[in-house]
Amino acid sequence: MTKDKTFYITTPIYYPSGNLHIGHSYTTVAADVMARYKRLKGYDVMFLTGTDEHGQKIQERAAAAGMAPQAFVDEIVEGIHRLWSLLNISHDRFIRTTDEAHEKSVQAIFQKLYDQGDIYLSEYEGWYCTPDESFWTESQLKDGKCPECGREVHLTKESSYFFRMSKYQDRLIELLENNPDFVQPQSRAHEMLNNFLRPGLEDLAVSRTSFDWGVKVPFDERHVIYVWVDALSNYITALGYPNTDGDFSRYWPADVQLVGKDIIRFHTLIWPALLMALDLPLPKQVYGHGWLLMNGGKMSKSLGNVVDPAVLCERYGVDAIRYFLLREVPFGADGSFSNEALVQRINLDLANDLGNLLSRSTAMIKKYFDGVVPTVREAGPEDEALESEAAGLKDRVETLLDKLQFSQVLVEIWKFIGSANKYIDLTTPWILAKDPAKQARLAAVLANLAEALRVVAILIQPFVPETGPKIFEAIRQAATPENTAWEQAAVWGAWQATEPLQACAPVFPRLDLDAEIDAMNALLQPAEEASPEQAPQAQTAEQEKSSKKAQAESKADNTEGVISNIDFADFEKVHFLTAVVEACEKVEGADRLLCSQLDVGALGKRQVVSGIANSYAPEELVGKTVILVENLKPRKIRGKESHGMLLCATAEDGSYRLLAVDGSVPAGSGVG
RNA sequence: CGCGGAGUAGAGCAGUUGGUAGCUUGUCGGGCUCAUAACCCGGAGGUCGCGUGGUUCGAGUCCCGCCUCCGCAACCA
C-alpha cells in the first residue's frame, strides 16, 4: 500500500564524546511522540536520528583513551543504541557521519558547492593559542588572551575553504521575516535577525587543516571538511542525497526538525543557506525547544549534575520517564528537572489519576458482574457530559500535537481522566450495586468507564507506548490494529471485552516520596571532583554561576545522610597538610577566584587558586594557617596553575569559611 | 546604553484581539468507601517586580522609565 501522506522528522545528531544525558533523551522522546502520532494517523513517517562523530574533540578524547577514533565512537554509539532501545525510540533510520555513504555524499556536496563558486579557498585569520592548538576570533578572546586557558595568543593565518554565506543574507532575512512558522517558537527568530542577520553574515570557514578526524575535502587532501557541511547535511544524506530519487524525493523537505535552543542558530542560518546554495527546498519548520535545567542550573558533565536516563528508566519504568519529560515542561520553554517533581508526577498523575481509575473501574466490573458487563444498559443524566467530553478530545489533542504542545496535550487528556473519576463519584456505582432494580444502570456506568479508559489508552499511545496496551489488556479490549487505531478515540461505544475482566495489579505503583528522593540522591552522587565541598577549587570561572545553585541544593540533600561509605584505604589516598598563606591576590578577570602562595614546610611553596573571593579579601588570608589537600591533581583555573585545594565549610548563605587549626602547628604538618 | 527571555497565591505555571485574576501542587475543612491512604466537593491564600507613571470608561494585558533574575560569544538537547 502506498501512503500518500509523508512526515519527516529529525533530531539533531548527537556528539558522541561521552554518554548521553536526560537532555538528549528529551529531544529524542519528543520526536518519537510525533513520529508515533503521525504513524497512528496513517502517515508514512521517516524519523531520523544519529550521531555526529567527527572533529577535533573526538580525536582528542579517543587519543586520551588510547583508542582509534572510530573504535572510540563505535563504543559510545553502541551505548546510544541501547539507550534509544530502552526508551522505546522508534526511529526509522540512524545516521552516523562516519557512514561511508554519508561521507561520500558530503564530499559530493562540497564538490558541487566548490564547482559553482559557493566555496572558495582563502585564509582563516585568527588568534592562535599554540598550547591549545585552537583558533579564536577577536571577539572570542578574553582580555586579549585565550578564552580556554588564559594564555597569550598570536595572530596567525591558516588556509581554509570558505562557504559564501554572506551571499544568502538577504534571502535569509526574507525567510525569517516572512515565514513565521519556519522558526518556532517565534521569539527565536527575532534573536537570529537582530544578533546575526542584520549586523551582517560573514563567510564561514568550512575546512580545517589542524586535525584530520573528518571527511577529506575531495580535491584537497590536506583539508578535512569542518562540522557545518558534514553534520548539517546528514538530514539529506540520510535520504540518499545527492541521489534525488527514492527517499529524498519522497520525504524532503522535512516537516519538523527538532533542535535544542542552543543550536537553533546553525539550523536557521547556516543550514538554510546551504540548502539555498544546493538549490533545495527548505525544511518546513525548525523547532527550538528549551532546556531541562537541573536544580535551576544547566546540566553538564563538569558540574556532576548529569542525570542518567538509563538509571531513571530502570527505577521508574520507561513510560513514567517519557511522561514526565513531556508533561513537566512546556516544550518551547526551559523547565527544571528534579527528583521530587518526577516522583510527584508519577504519584499524582500516573498512579492516583490514571492508575487508580483503571484499578477501581476494573475492580467494580469484576466485583459486581464477575467481569462481564451485561448488555442491557440504561443511560443516565451523568453520561452526557462524559461522552461529549470524550467526543471532542481527539480533535483537541490533534490540534495541540500538531503544534508540538506536548504538555498541553497531556493536560487535556488528564482533564478527561479527572472527569471519569468524577463520573464515578456522581453515579455512585457501589450504591447502584446494592439495588437489584438498578443493574441496567450499573452496567451502563461501568461500560462507560471502560469506554473512557479505551479512549485514553488510544490517545496516550504516542507518549507512553507500553501503557496503552496494558490498559487494553486490563479492560480485555483486543489490541488489534483496528481497535488501537487513532480514529477509534472519537468513537463512543467500541469497547468489546473478549473475556471476563479481572482486578488488575497497579500499572503505576505509588512511590514513597522521601524514600525515593534519598535513593535518587545516592544514585546521582557525582563520582568525580565536582562534589560540593570541593567546588571552590574545582570550579572554573565559567562554571561558577550555574553550579552555585546546584551546590546549595545538593548540599541540603546531603545532610540527610545518604552518602555512601568509603574505606579507610580511600581516605588514606587523600593527603591533608597544614599550610601558611604567604601571599594572596585576586585573579584578574574572575570574580570569585583568589590565588594564594602557600608555605607547605618541607614540601616548599605551593600556588592554589580558590573560589572564595566573595568570602575573603586577599589580605585577610595572609598569615592564616589553612588545611590543604596536597595531592589533588593540579589543574589550571583561569590560566593559573592550582596545586591543591583549601578546605572550606559552606555557610548557609553560600559563603565559605576556611578550616582552621586549634592551636599552633608548623606549616606542612600532617592532618588526618 | 549589545541581544533575547522572565518577574502573577507557599511552590510550579496559564492568562489569547485590554472588560469581575485562573490551573496544578501544597494547606485547612467536608464527602465517599469502588479503588494504588487513592477519588469527589468546598474554604483560605495574590495591591499580577517597581514607578500612588502614561493612554483608556476600564490594563496582568498597550506605551514610557527603572529594578532583579536567566540565557546568548564554546559544534553540551
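Lettering follows sequence order; numbering is per chain, from 1. Computed from heavy atoms alone, side chains included, the values below leave out hydrogens, waters and symmetry copies.
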Asker: For the side chain of A:N356 and the base of B:A35, is some donor closer than 3.5 Å to an acceptor across the two?
Answerer: yes
Asker: Looking for any heavy atom pair under 4.0 Å, which part of the strands does A:V411 touch: base, sugar-phosphate only, or nothing?
Answerer: nothing
Asker: Would you mind classifying the nucleic acid contact of A:G355 as base, sugar-phosphate or nothing, using non-hydrogen atoms under 4.0 angstrom?
Answerer: base
Asker: Rounded to the nearest angstrom, tell me the gap between atom CD in A:E328 and atom P in B:A11.
Answerer: 16 Å
Asker: If the cut-off is 4.0 Å, is A:N352 near the phosphate of B:C39, judged by side-chain N/O to OP1 or OP2?
Answerer: yes
Asker: Walk me through whether A:W271 and A:F266 qualify under ring-ring contact (aromatic ring centres under 6.0 Å, His included).
Answerer: CA-CA 6 Å; A:W271 177 225; A:F266 314 120; over 10 Å; no
Asker: Take the protein atom CD1 of A:I424 and the nucleotide atom P of B:C41, then report the distance between them rounded to whole Å.
Answerer: 13 Å
Asker: Any base atoms under 4.0 Å from A:Y368, or only sugar-phosphate, or nothing? Heavy atoms, all strands.
Answerer: sugar-phosphate
Asker: Would you kindly say whether A:T10 and A:Q257 are connected by a side-chain donor-acceptor distance under 3.5 Å?
Answerer: yes
Asker: Using atom C1' in both nucleotides, what's the gap between B:C62 and B:G19 to the nearest angstrom?
Answerer: 14 Å
Asker: For the side chain of A:N339 and the backbone of A:I517, is there at least one donor-acceptor N/O pair under 3.5 Å apart?
Answerer: no
Asker: Rounded to whole Å, please give me the gap between CG in A:L386 and P in B:C39.
Answerer: 18 Å
Asker: Scan A:L348 against the nucleic acid and name what it touches under 4.0 Å (heavy atoms): base, sugar-phosphate only, or nothing.
Answerer: sugar-phosphate
Asker: Taking only the P atom of each, what is the distance from B:C48 to B:U20 in whole angstrom?
Answerer: 16 Å
Asker: Between B:A35 atom P and A:K366 atom NZ, what is the distance in whole Å?
Answerer: 13 Å
Asker: Evaluate the criterion ring-ring contact (aromatic ring centres under 6.0 Å, His included) for residue pair A:W414 and A:Y323; output intermediate values, then yes/no.
Answerer: CA-CA 12 Å; A:W414 255 255; A:Y323 174 82; 4.8 Å; yes
Asker: Report the distance from atom NE2 of A:H267 to atom P of B:A77, rounded to the nearest whole Å.
Answerer: 10 Å
Asker: Report the distance from atom CH2 of A:W430 to atom P of B:C34, rounded to the nearest whole Å.
Answerer: 8 Å
Asker: Without hydrogens or angle criteria, can the side chains of A:E382 and A:T427 be said to hold a donor-acceptor pair below 3.5 Å?
Answerer: no
Asker: Look at all strands and tell whether A:A231 reaches a base, only sugar-phosphate, or nothing, counting heavy atoms closer than 4.0 Å.
Answerer: nothing
Asker: What distance, rounded to whole Å, do you find between the two C1' atoms, one in B:G54 and one in B:G65?
Answerer: 11 Å
Asker: For B:A6, which nucleotide is its Watson-Crick or G-U wobble mate, given both distances must be under 3.5 Å?
Answerer: B:U68
Asker: Send over the distance from A:L48 CG to B:A77 P, rounded to a whole Å.
Answerer: 15 Å
